[in-house]
Asks: 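Input: one structure, supplied below.
Just so you know, residue 1 is the first one in the sequence shown, and it goes up from there. Counting convention: from 1, in listed order, for ligands and their atoms alike. Excluded from the calculations below are hydrogen atoms, water molecules and symmetry mates; all remaining heavy atoms, backbone and side chain alike, are included. These numbers were taken from a predicted model, which means no experiment stands behind them.
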Amino acid sequence: MNKKMTINSIQKTKGERPLVMITAYDALFAKLFENSVDMILVGDSLNMSFAGRKDTLSANMEQMIYHTNAVCNGAKNSFVVCDMPFGTYTNKEDALTNAIKVFQTTNADCIKIEGGADKAYIVEHLVTNGIAVCGHIGLLPQSVRGEGGYKVKGRTAKEQQSLIEDARAIEEAGAFCMVIEGVIAELASEIASCVNIPVIGIGAGNGVDGQVLVFSDMLGLFEEFTPKFVKKYIDGASIVKDAIKTYSDEVKSREFPEEIHTY
Ligand code: KIV
């Protein structure tokens, strides 16, 4: 069994080795992932791949707490990150109240919030009050409706400058690490070298301090769409569908249950 990571051991990986993060939403998968990853993210992406919604925006605190508890139950030896859902950290008071709720009702090791320099004062307020914070800059899925779609960031000089400022502001505010999503690889790599905390990429190339993927994407279970940055390690959807079809056929033909499955 791997030794459970802490915010300190996570920070020490910077410059030493890439961090591995994966999402999980339940105990079953969390337990399967636990020994191969450094951190498990209970992402609000669960609103899409678990709850079947069109984006992450309708995820709420109750849902995030429920799933975080399930993941913590399944992966007791893992560093667990709970994503703060849309609208729960629009000011520092609400952010702290909601983050405290996560810490008091789950065993999550930190929370994650989306935003750059504009959210630095919130990160600082949380950290000052004992909440470990993972930042999230670049493409912010919670801004999808506000921005009219998912847009890769860092194509213009203005965006490049503001992303570097975002990363520095989040570090200065006290976040112990950050996710960087949907950013041109060269810029993401430059950002990782501008800060002293680990920068974990998703759709941000190979020059950052670690990688995170949504498990249902990389296992090929989510069929709605596949972003360019996703590598499907197995075709999970076909494997599951074939197994269910075989089960169904065997029940209908009375091939299942056999003698060995019978009391
Ligand atoms: O919600 C999520 O799964 C995330 C990842 C995309 C980083 O925030």
Asks: Among D109, L19, N77, which residue meets the side-chain contact (heavy atoms from CB on, under 4.5 Å) test with M5?
Replies: L19
Asks: One thing to verify: whether D217 and K231 come together as a salt bridge, which I'm taking to mean a side-chain N less than 4.0 angstrom from a carboxylate O.
Replies: no
Asks: For atom 4 (C) of ligand 1, which of L139, L41, I200, I202 has the closest heavy atom?
Replies: L41
Asks: Among protein heavy atoms, which sits nearest to atom 8 (O) of ligand 1, and what does the distance come to when rounded to 0.1 Å?
Replies: K112 NZ, 2.9 Å
Asks: List ligand 1 atoms under 4.0 Å from G43, heavy atoms only on the residue side.
Replies: 1 (O), 2 (C), 3 (O)
Asks: Can you confirm whether or not the ring centre of F176 sits under 6.0 Å from the ring centre of F79?
Replies: yes
Asks: Can you find a non-hydrogen atom of M21 under 4.0 Å from ligand 1?
Replies: no
Asks: Using a 3.5 Å cut-off on N or O atoms only, is D83 in polar contact with ligand 1?
Replies: yes
Asks: Which atoms of ligand 1 have any heavy atom of H136 under 4.0 Å away?
Replies: 8 (O)
Asks: Side chains of Y25 and S45 only: does a donor on one sit below 3.5 Å from an acceptor on the other?
Replies: yes
Asks: Under the side-chain contact (heavy atoms from CB on, under 4.5 Å) test against M39, which residue among I200, V20, V80 passes?
Replies: I200
Asks: Can you tell which of P227, S45, C134 gets a heavy atom nearest to atom 3 (O) of ligand 1?
Replies: S45
Asks: Heavy atoms only, cut-off 4.0 Å: how does E114 contact ligand 1, side chain, backbone, both, or neither?
Replies: neither
Asks: Could K101 and E62 be called an ion pair, given the rule that one side-chain N must be under 4.0 Å from one carboxylate O?
Replies: no
Asks: Looking at T23, which atoms of ligand 1 are within less than 4.0 Å of one of its heavy atoms?
Replies: 3 (O)
Asks: Give the ring-plane orientation class for F33 versus F29, where under 30° counts as parallel, over 60° as perpendicular and anything between as tilted.
Replies: tilted
Asks: What about E181: any of its N or O atoms under 3.5 Å from an N or O on ligand 1?
Replies: no
Asks: Which of the atoms of ligand 1 are close to V214, meaning less than 4.0 Å from one of its heavy atoms?
Replies: 3 (O)
Asks: Using a strict cut-off of less than 4.0 Å between a Lys/Arg side-chain nitrogen and an Asp/Glu carboxylate oxygen, indicate whether K241 and D235 qualify as a salt bridge.
Replies: no
